[in-house]
Enquirer: 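Sharing a structure with you now.
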Amino acid sequence: MTSSPPARLLITNARLLAPESGELTDASWLEAVDGRIAAHGTGRPPATPEDARVVDAGGATVLPGLIDAHVHVLLTTFDVHEAANWTAGYATARALKEAERMLRRGFTTVRDVGGADHGMARAIEEGLSIGPRLIYGGKAVSQTGGHGDIRPLGDDSLPCCQHQVAGARIADGVEQVRAAARDEFRKGAAHLKLLVSGGVASPHDEVSAVQYTEEEIRAAVTEAENHKRYVTVHAYHPRAVNQALRAGVRCVEHGNLLDDETIALLLEHDAFLVPTLVTYDQMAQFGKLVGMPEQTYNKIADVREAGLVALERAHKAGVNLVYGSDLLGPLQTAQLEEFNLRAQVQPPADILRSATTTAARLLRMEGQIGTLAVGSHADLIVVNGNPLEDISVLTRPEENLLHIIKAGAIV
Ligand code: ZN
Ligand code: ZN
């Protein structure tokens with residue numbers, strides 16, 4: 001089913017960056033066979049058969065392809081009136097194009113947390129469309145009046161939001177949440193995204209609003225665990241975040257307003273935090289230009305400054321931190337800028353781990369992606385410069401990104 005990569009790829013004259021150790025080797029070679037890393041070392045590279053593809057990296061750095069754990073490939077516009085004209089097919093075509101652009105920035109895996117489905121992942125896997133590995137969670141689940149309920153206030157139609165390709169589905173009460181979770185897992189969701197607090201992009205709720213009860217969240221967690229999957233939650237305020245962590249969720253998106261108890265709960269549960277600083281930064285700078293509604297724009301200040309403080313506290317406490325961008329519409333071009341924002345409070349090696357090894361652990365793909373370990377997928381990027389000294393080299397792909405390799409094939 002997958003498009004066949006060349007059997008062998010040999011990269012020579014490269015410095016290998018292993019995120020685990022945060023170290024860079026001297027001149028080395030790396031060999032990939034059948035899409036997986038087969039060997040690497042210093043000194044003379046192995047003899048290669050005629051059909052092998054050989055890439056001389058010219059002293060550049062080779063590191064695992066990047067992982068962005070919070071993307072919305074389907075949210076390609078801020079214009080809700082325009083989006084209402086889109087068919088599911090058109091929205092998907094745009095989303096797959098967006099996914100391709102992500103790959104071309106160096107993200108060889110992305111986790112979609114709102115709407116992407118098995119058909120889109122399959123189109124990429126079969127080579128119908130060029131893109132990163134797409135880990136999808138199906139539709140996010142929201143309570144009535146929650147972050148995913150985007151009906152205008154004059155709209156009394158029920159059920160809400162079903163026709164919106166990128167929208168959330170509504171579920172109220174333990175039984176409905178359970179059914180929604182089962183339905184998304186039926187369709188292959190790798191995780192379930194639950195919207196448990198107000199949000200910036202939802203016009204009618206407050207960021208500090210708590211959504212869902214502990215019982216409802218617990219029901220979703222039970223279903224996820226029964227399916228050997230996990231629940232991740234969109235949440236900002238500790239009242240919402242901490243309730244969700246107590247109910248057993250494995251991952252928190254945003255978490256900008258976290259408190260000491262949040263940190264303690266994240267550590268106690270070995271849970272993950274996916275800050276998404278760049279989305280507030282971009283919305284504050286360009287939101288009005290790209291047609292962001294006024295009510296949304298006014299909420300950015302509530303979370304923007306706090307986000308960096310939260311990241312620093314979580315980093316110092318040793319929380320599992322994962323790279324996320326959460327950009328919407330035309331702002332998605334800034335997907336790599338999260339690296340620069342995090343560099344204000346974290347050393348480059350730690351930021352790199354958040355976009356490789358730690359992200360892989362969240363995705364339960366440890367040892368498969370985000371690493372140069374022998375046997376893992378040969379998802380690699382070749383970049384000018386040393387990201388361990390200056391993480392910003394990753395943020396200028398037009399200048400520095402020499403090659404993108406997915407499953408041993410050069411993109
Ligand atoms: Zn969110
Ligand atoms: Zn999001």
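Numbering of ligands and ligand atoms starts at 1, following listing order. All figures in this text were calculated on a predicted structure; none of them were measured in a lab.
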Enquirer: Hey, are Ser28 and His40 close enough side-chain-wise for a donor-acceptor pair under 3.5 Å?
Expert: no
Enquirer: Between Phe78 and Phe286, is the gap from one ring center to the other below 6.0 Å?
Expert: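 For Phe78 and Phe286, the ring centres are not under 6.0 Å apart.
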Enquirer: Would you mind checking if Glu125 and Arg122 are paired as a salt bridge, meaning a charged N to carboxylate O distance below 4.0 Å?
Expert: no
Enquirer: According to the interplanar angle, ranging from 0 to 90°, do the rings of His147 and His234 count as parallel (below 30°), tilted (30 to 60°) or perpendicular (above 60°)?
Expert: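 Because their plane-to-plane angle is under 30°, the rings of His147 and His234 count as parallel.
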Enquirer: Hey, which protein N/O/S atoms does the Zn ion (ligand 1) have under 2.8 Å?
Expert: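 Listed by chain and number, the atoms are His234 ND1, His254 NE2.
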Enquirer: Enter the distance from Leu266:CG to Phe272:CZ here, rounded to the nearest 0.5 Å.
Expert: 10.5 Å
Enquirer: Could you list all the side chain to side chain donor-acceptor pair (under 3.5 Å) pairs where at least one residue sits in residues 354-366, not counting sequence neighbours?
Expert: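 The answer is Asn320-Arg361.
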